[in-house]
Amino acid sequence: MADPAEYLLRLFELLAGDGTGEELAQVPAAARRAGTDSAELSRIEQASALALRLRHTLTERRRREAELEALFDTAGDLARVRDVDAVLRAIVHRSRKLLGTHVAYLSLNDDTAGTTYMQVTDGCVSPLFQRVRLGMGEGLGGLVAQRVRPYATPSYFDDERFDHTEAIDAAVRDERLVAILGVPLKVGGSVIGVLYAAERAPREFSSEEVALLASLGDHAAIAIDTARLLEETRSALDELNTAHETIRTHNEAMLRAEQAHDRLTDLVLRGGSVSDVAGAVSEVLGGGILVHDAAGTELARIETESLPPPAPAVQRSRTSGRAVPREGSWICAVLAGPELLGSLTLVGREEMADADRRLFERAGVVTALLLLLQRSTAEAEDKVRGALVTDLLTTPERDRASLLARARRIGVDLTAAHAVLTAHADAVPRERLAAAASRYATRAGGLAGTHGQRVVLVLPVGDAGAAASAVARELHTTLGKPVTVGAAGPSEGIDALVDTHAESTRCLEAMFTLGRSGEGAALSELGFLGVLLGDRADLAGYVTDTLGPLLDYDARRGTELVRTLETYFACGGNLTRTGRSLHVHVNTVTQRLERIAALVGEDWHRPERALEIQLALRLHRLTKTNTPAGTQL
């Protein structure tokens, strides 16, 4: 017979090797078959019973450890919850594994629809079961939610405690479920769903299994509630951030608008120009600025190329009273009530926030104020300058000191030499021509006004003819119509202005007679007619202007071009007679005339030009007779 200690050792080996209960029960049976003494056999049976109890304890402890580990893992998932669906899938999967069931699933309540729907399933194979949606209070889950406690059934279809419905029974039958355990998911006192474990065969669920599933259900409820709180927190934070950003943006916009308004107002109060306002707006809004008047003339341009104002966009802005977008730019009409004073164009801004748009529109108001101030100032100054012109040309001897003082107050020194220009335009009202002439004269440091039916400019220039041409060109550009300007002077002192004005008027009339409308000139530029009309005839100058190239050529080369020309006119333009009078061959006469044409122009023989040349030849003969010997004119 074997030693009893061997049987005890065998029991320990089975325990250490995780032997089954059947293997433990075979040890005393083997001792009995071996004929072991009854006393020893009793001890071996006692040791076997203790081993079975110990094995059961170890198994329960391992199961408990597995459950605790699963609960700890779930708690860890909850602590770092980011994706609530992932946490719920992990809980459902652990429920199935720990309880060893075929299926586990979790349903949630839809309070709005009044139904319950499947959120997560594990081990399910039936599409019908996974999509089933139940009414509140139906099936085992309805009883769990109603009583707020766990319920289990070993055979679902035989259990009459539940409200069986065709939809639920069809889904359960399609999944072939028999035994079902459900525990409530509770948040506060409310049930938000049910966690299930189900078997495809009859089964009694132990209290430990019910408690385990209830713990996992509590974790699932915590996960759902935590996700809800996190979502509410995120929404609240988003709303708070949005509100904070809105407040910050609004405050920044208010501050920018306040600073811009103060800056623009300060510019107006300090007498700033339209260009100053345009520069400030460009800096604040970050784009190029164009300012045009009502006629489309550019008044200022900052950080952009010249562009014509888009008339349709200006009209839309004028009608709406708001800035309007157009092809990557913004247009704002500059208005004084219903009157259009001009427009602002912001270039380089596709989009504008409401605050910037209001700021741009405010810039339009400031520009309108500035243009009105400038217009009022200009009108007042034009009246002062116009009245001064009238007084200078009518009664200069009345109070010379007063006239000089009035001129000094507006920045004009009448003691210096001044030219007088008389302007006329058939297609332009006199008032409009006077306003344009006044702007030109102000820039030039002179005066302008109406006198009789003409517009008169008094300018501090040295060349009256050049000034007349410049004024005619600029007024034509400004008004879009031809302007004729006659000039005289310059003359020194206010006493000479009346006579100089009379000469400029005669020059203007002579230009009309000569068909030179739309031009500007002085009497000295009108040829012999200017000599005849002028009070201070410059005979030597006329001779030099007309015959200068011929006189210079004869003086340098010792030729007789001037004598040849005199003889040609005296012989009535006959080449043969001219040659005989000069004692030269007719070919020589022809060559000399070709040289003359090269020096004074091919049109020298035309009637008007020939008359001027003959007059100059006669004046040259007269002045030459009275010139001391050796002097060349």
Side-chain angles (χ1 to χ4, degrees), residues 84-85 87-207 209-221 223-225 228:
V84 65
D85 288 336
V87 174
L88 294 180
R89 285 194 298 271
I91 291 174
V92 172
H93 180 71
R94 287 171 188 149
S95 299
R96 179 188 173 201
K97 293 299 182 184
L98 290 174
L99 271 67
T101 58
H102 293 112
V103 175
Y105 53 97
L106 183 148
S107 66
L108 293 178
N109 294 343
D110 184 349
D111 294 330
T112 302
T115 59
T116 298
Y117 61 94
M118 290 293 181
Q119 178 70 16
V120 182
T121 63
D122 190 85
C124 292
V125 295
S126 168
L128 176 62
F129 186 80
Q130 295 176 43
R131 295 194 304 266
V132 69
R133 181 176 283 267
L134 316 177
M136 291 292 190
E138 298 176 350
L140 182 144
L143 187 61
V144 171
Q146 186 179 20
R147 302 289 179 87
V148 196
R149 58 185 294 269
Y151 273 89
T153 177
S155 179
Y156 176 81
F157 291 103
D158 296 331
D159 200 326
E160 298 296 332
R161 294 176 297 169
F162 317 129
D163 182 10
H164 291 269
T165 66
E166 183 178 349
I168 298 176
D169 289 354
V172 172
R173 189 177 292 108
D174 195 55
E175 190 62 50
R176 296 185 294 109
L177 299 181
V178 178
I180 303 175
L181 167 63
V183 296
L185 307 182
K186 295 178 292 185
V187 174
S190 302
V191 176
I192 62 173
V194 177
L195 176 62
Y196 300 88
E199 192 76 18
R200 294 191 176 97
R203 172 176 172 175
E204 293 284 351
F205 292 97
S206 66
S207 58
E209 290 173 330
V210 174
L212 175 60
L213 192 63
S215 298
L216 292 170
D218 291 340
H219 283 180
I224 295 170
D225 193 47
R228 178 184 60 81

Full working for side chain to side chain contact (heavy atoms under 4.5 Å, CB included) between Leu99 and Leu181: CA-CA 10 Å; Leu99 271 67; Leu181 167 63; 4.0 Å; yes

Just list the side-chain donor-acceptor pairs under 3.5 Å for residues 132-142, sequence neighbours left out, or say none.
{"from": "Arg133", "atom 1": "NH1", "to": "Thr115", "atom 2": "OG1", "distance (Å)": "2.6"}
{"from": "Glu138", "atom 1": "OE1", "to": "Gly135", "atom 2": "N", "distance (Å)": "2.9"}

Which atom of Gly217 lies closest to which atom of Leu185, heavy atoms considered: O-CD2, 3.1 Å

Distance (rounded to the nearest 0.5 Å) between Thr116 OG1 and Ile192 CD1: 11.5 Å

Minimal non-hydrogen separation, Pro202 against Val178, with atom names: N-CG1, 3.7 Å

Aromatic plane relationship, Phe157 with His164 - under 30° parallel, 30 to 60° tilted, over 60° perpendicular: parallel

Summary of salt bridge (Lys or Arg N to Asp or Glu O under 4.0 Å) pairs that have at least one residue in residues 165-189, sequence neighbours excluded: Glu175-Arg200

Sequence neighbours excluded - salt bridge (Lys or Arg N to Asp or Glu O under 4.0 Å) pairs with any residue from residues 150-165: Asp159-Arg161

Pairing residues for His93 by the ring-ring contact (aromatic ring centres under 6.0 Å, His included) criterion, not counting sequence neighbours: none

For Ala198 against Thr101, the heavy-atom pair lying closest together: O-CB, 3.3 Å

Pair Val103-Leu177, side chain to side chain contact (heavy atoms under 4.5 Å, CB included): steps then yes or no: CA-CA 8 Å; Val103 175; Leu177 299 181; 3.9 Å; yes

Nearest atoms (heavy-atom pairs only) where Val191 meets Asn109: O-ND2, 2.9 Å

Approximate separation, where rounding is to 0.5 Å, of Thr121 OG1 and Arg96 CZ: 10.0 Å

Smallest separation among heavy atoms of Val144 and Pro184, with atom names: CG1-N, 3.5 Å

With sequence neighbours excluded, residues passing ring-ring contact (aromatic ring centres under 6.0 Å, His included) with Tyr105: Phe129, Tyr196

Partners meeting side-chain contact (heavy atoms from CB on, under 4.5 Å) with Ala179 (sequence neighbours left out): Glu199, Arg203, Phe205

Option passing side-chain contact (heavy atoms from CB on, under 4.5 Å) with Val183 (candidates Leu213, Leu212, Val194): Leu213

Point-to-point distance, once rounded to the nearest 0.5 Å, from CD1 of Ile224 to CG of Leu88: 5.0 Å

Heavy-atom pair of closest approach, residues Ile91 and Leu216: CG2-O, 3.7 Å

